[in-house]
Amino acid sequence: MHEFEFHSPRTLEEACELLKKHNGTARVLAGGTDLIPDMYHHKIAPGHIINIKKIPGLNRITYDSSKGLTIGALTKFNEIIFSETVKNSYPILVELTSKIASHQIRNLATIGGNLCNAAPSADSAPSLIAMDSFVSIIGCEGKRRTLPLEKFFVGPGITALEPGEILTKIHIPPLKSCTGMTYIKHTTRRALEIAVVGVAVLVQLEKDTDKCNHARIVIGACASTPLRIRQAEEILVGKKIGEKDIEASAEAASKAVAPITDIRGSDYYRREIVKIQCKRALEEALPRAYSIKAVEA
């Protein structure tokens with residue numbers, strides 16, 4: 001591994017200043033499960049590593065019934081899975097997070113690091129986007145801003161973070177009643193594999209009519225960033241979703257993606273998988289919405 005200078009700031013202000021000072025040659029160390037292997041295999045060679053693990057308050061999970069769930073960027077995936085706060089307020093998030101990597105990796109990998117790595121095949125982003133999540137960002141001189149997660153990703157390995165900025169929190173709005181959700185990850189192996197296609201689906205039903213009043217369909221690993229498919233969502237909204245609507249939505253999702261061909265699958269294969277898995281995801285999410293409605297009735 002090449003030589004680099006290691007920094008351990010104790011405050012966000014200090015970390016932001018270091019990032020800005022060494023812009024272009026610095027990388028932030030959170031969990032390190034992507035950064036360290038990339039350095040080891042000489043994919044990247046940063047001159048400065050900025051360790052933010054000693055900055056307090058970046059791994060907190062809090063819940064407010066009116067504002068929703070807030071997860072600190074340094075929160076490890078297994079901390080989300082075993083959090084009583086998450087289990088009680090967002091049980092679906094436990095299920096979705098359990099599909100990410102392995103137990104050992106989830107002991108180290110952080111949600112903020114996973115998002116900032118901006119891999120198009122990452123499993124956390126599609127589900128979080130489907131839940132209309134947004135992120136908190138801090139920059140130099142204490143400048144703060146929020147951004148919808150959908151707009152956070154710019155390209156493979158590229159985010160909307162500006163020089164000197166750090167992602168600090170992920171916010172998930174309250175899930176409304178009669179909402180069903182799922183994430184299906186298609187891989188060439190049954191476990192510990194990067195997604196060939198990832199499909200996150202969320203549907204929300206009206207209590208009185210059973211019509212869909214809100215839908216999100218987000219596809220991973222089929223574009224340079226996670227892709228929300230608005231055409232497929234529009235087919236569902238305002239309808240009491242039936243088999244033909246599901247098939248039409250899945251077909252629209254398949255036509256909307258423009259995946260690459262690589263060692264894990266051709267562009268044609270990925271488009272076909274999007275159609276199949278989008279249909280399966282809708283068929284899984286819709287009964288969940290109905291079951292929640294039945295419990296609340």
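Since this is a predicted model, take the numbers as computed values, not measurements. Numbers here simply count residues along the sequence, with the first being 1. These numbers come from the heavy atoms of this one structure, side chains and all, not from hydrogens, waters or symmetry mates.
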Exercise. Indicate whether the side chain of E193 and that of T188 have a donor and an acceptor atom separated by less than 3.5 Å.
Key: yes
Quiz prompt | Verdict with supporting geometry, S177 and K207, side chain to side chain contact (heavy atoms under 4.5 Å, CB included) | solution = CA-CA 8 Å; S177 61; K207 284 188 176 182; 3.4 Å; yes
Quiz item: Relative to the ring of H171, is the ring of F134 parallel (under 30°), tilted (30 to 60°) or perpendicular (over 60°)?
Solution: parallel
Self-check item: Test log, rule side chain to side chain contact (heavy atoms under 4.5 Å, CB included), inputs V257 and L227
Solution: CA-CA 8 Å; V257 298; L227 191 62; 4.1 Å; yes
Exercise. Evaluate the criterion side-chain hydrogen bond (donor to acceptor under 3.5 Å, both in side chains) for residue pair T209 and E206; output intermediate values, then yes/no.
Key: CA-CA 6 Å; T209 65; E206 293 179 355; 2.6 Å; yes
Quiz item: For the residue pair I80 and V86, what are the closest heavy atoms and their distance?
Solution: O-CB, 3.6 Å
Self-check item: Ring center gap for H7 and H22 short of 6.0 angstrom
Solution: yes
Quiz item: When you check the gap from the basic side-chain N to the acidic O, do R145 and E165 get nearer than 4.0 Å?
Solution: yes
Quiz item: Closest approach of S66 and P174, non-hydrogen atoms and distance?
Solution: O-CG, 3.6 Å
Quiz item: Is it true that E84 and K87 make a salt bridge, defined as a side-chain N closer than 4.0 Å to a carboxylate O?
Solution: yes
Quiz item: In Å, rounded to the nearest 0.5 Å, how long is the span from CG of L74 to CD1 of I55?
Solution: 7.5 Å
Quiz item: Is a salt bridge present between D262 and R270, judged by a nitrogen-to-oxygen distance below 4.0 Å?
Solution: yes
Self-check item: Ionic contact status for K143 with E13, cut-off 4.0 Å
Solution: no
Quiz item: Do S124 and F77 pass the side chain to side chain contact (heavy atoms under 4.5 Å, CB included) test, and can you show the C-alpha distance, the side-chain angles, and the key distance before you say yes or no?
Solution: CA-CA 10 Å; S124 64; F77 284 117; 4.2 Å; yes
Quiz item: Roughly how far apart are T187 OG1 and R189 CZ, rounded to 0.5 Å?
Solution: 8.0 Å
Quiz item: Any side-chain heavy-atom pair from R216 and V203 closer than 4.5 angstrom?
Solution: no
Quiz item: Is L115 close to F153 at the side-chain level, that is, under 4.5 Å between some pair of heavy atoms?
Solution: yes
Practice problem: Heavy atoms only: give me the nearest N51-F6 pair and the separation to one decimal. | Solution: CB-CZ, 3.5 Å
Quiz item: Going by an N to O cut-off under 4.0 Å, is there a salt bridge joining R288 and E284?
Solution: yes
Quiz item: Are Y183 and V196 joined in one hydrophobic group, where the rule is that I, L, V, M, F, W and Y side chains link up if heavy atoms are under 4.5 Å apart?
Solution: no
Quiz item: Stepwise, does the side chain to side chain contact (heavy atoms under 4.5 Å, CB included) test hold for L96 with M181?
Solution: CA-CA 9 Å; L96 301 174; M181 185 177 179; 3.7 Å; yes
Self-check item: Side-chain touch S249/I217, heavy atoms, less than 4.5 angstrom
Solution: yes
Quiz prompt | Worked verdict on N59 versus T75 for side-chain hydrogen bond (donor to acceptor under 3.5 Å, both in side chains) | solution = CA-CA 4 Å; N59 64 340; T75 305; over 6 Å; no
Exercise. Side-chain contact test, heavy atoms from C-beta onward, threshold under 4.5 Å: evaluate it for T70 versus D64 and give yes or no.
Key: no
Quiz prompt | Atom pair OG1 (T179) and CE (M131), whose distance is rounded to the nearest 0.5 Å | solution = 11.0 Å
Quiz item: Donor-acceptor pair, Y90 side chain versus I172 backbone, under 3.5 Å?
Solution: yes
Quiz prompt | Same cluster (ILVMFWY, side-chain, under 4.5 Å), V237 and I229 | solution = no
Quiz item: Can you get from L93 to I61 by hopping between Ile, Leu, Val, Met, Phe, Trp and Tyr side chains that sit under 4.5 Å apart?
Solution: yes
Quiz item: Under 4.5 Å between any side-chain heavy atoms of Q277 and K279, yes or no?
Solution: no
Practice problem: Give a yes or no on whether a salt bridge exists between E79 and R106, defined as a side-chain N under 4.0 angstrom from a carboxylate O. | Solution: no
Practice problem: Identify the heavy atoms of A130 and A200 that sit nearest to each other, and give their distance. | Solution: CB-CB, 4.2 Å
Self-check item: Spacing of L202 atom CG and D132 atom CG [to the nearest 0.5 Å]
Solution: 7.5 Å
Exercise. Determine, using the 4.5 Å side-chain heavy-atom cutoff (strictly less than), whether Y63 and I170 are members of one ILVMFWY cluster.
Key: yes
Self-check item: Min side-chain heavy-atom separation P46-M39 under 4.5 Å
Solution: yes
Exercise. Output the distance between atom CZ (R271) and atom OG (S266), rounded to the nearest 0.5 Å.
Key: 8.0 Å
Exercise. Check whether any side-chain heavy atom of I166 lies under 4.5 Å from a side-chain heavy atom of L19, and answer yes or no.
Key: yes
Self-check item: Joint cluster assignment, I219 & Y269, ILVMFWY side-chain distance < 4.5 Å
Solution: yes
Quiz item: Minimum heavy-atom separation for K185 to K99, with atom names?
Solution: NZ-O, 3.6 Å
Self-check item: Closest non-hydrogen atom pair, R264 against A195
Solution: NH1-O, 2.6 Å
Exercise. For residues I111 and T97, determine if any side-chain heavy atom of one lies less than 4.5 Å from a side-chain heavy atom of the other.
Key: no
Quiz item: When rounded to the nearest 0.5 angstrom, what distance separates NZ in K211 from CG in N213?
Solution: 11.0 Å
Exercise. Using the side-chain contact (heavy atoms from CB on, under 4.5 Å) rule, pick out the option among L128, L161, I129 that qualifies with F152.
Key: L161
Quiz item: Would you say the side-chain atoms of D245 pair up with the backbone N or O of G242, donor to acceptor, closer than 3.5 Å?
Solution: yes
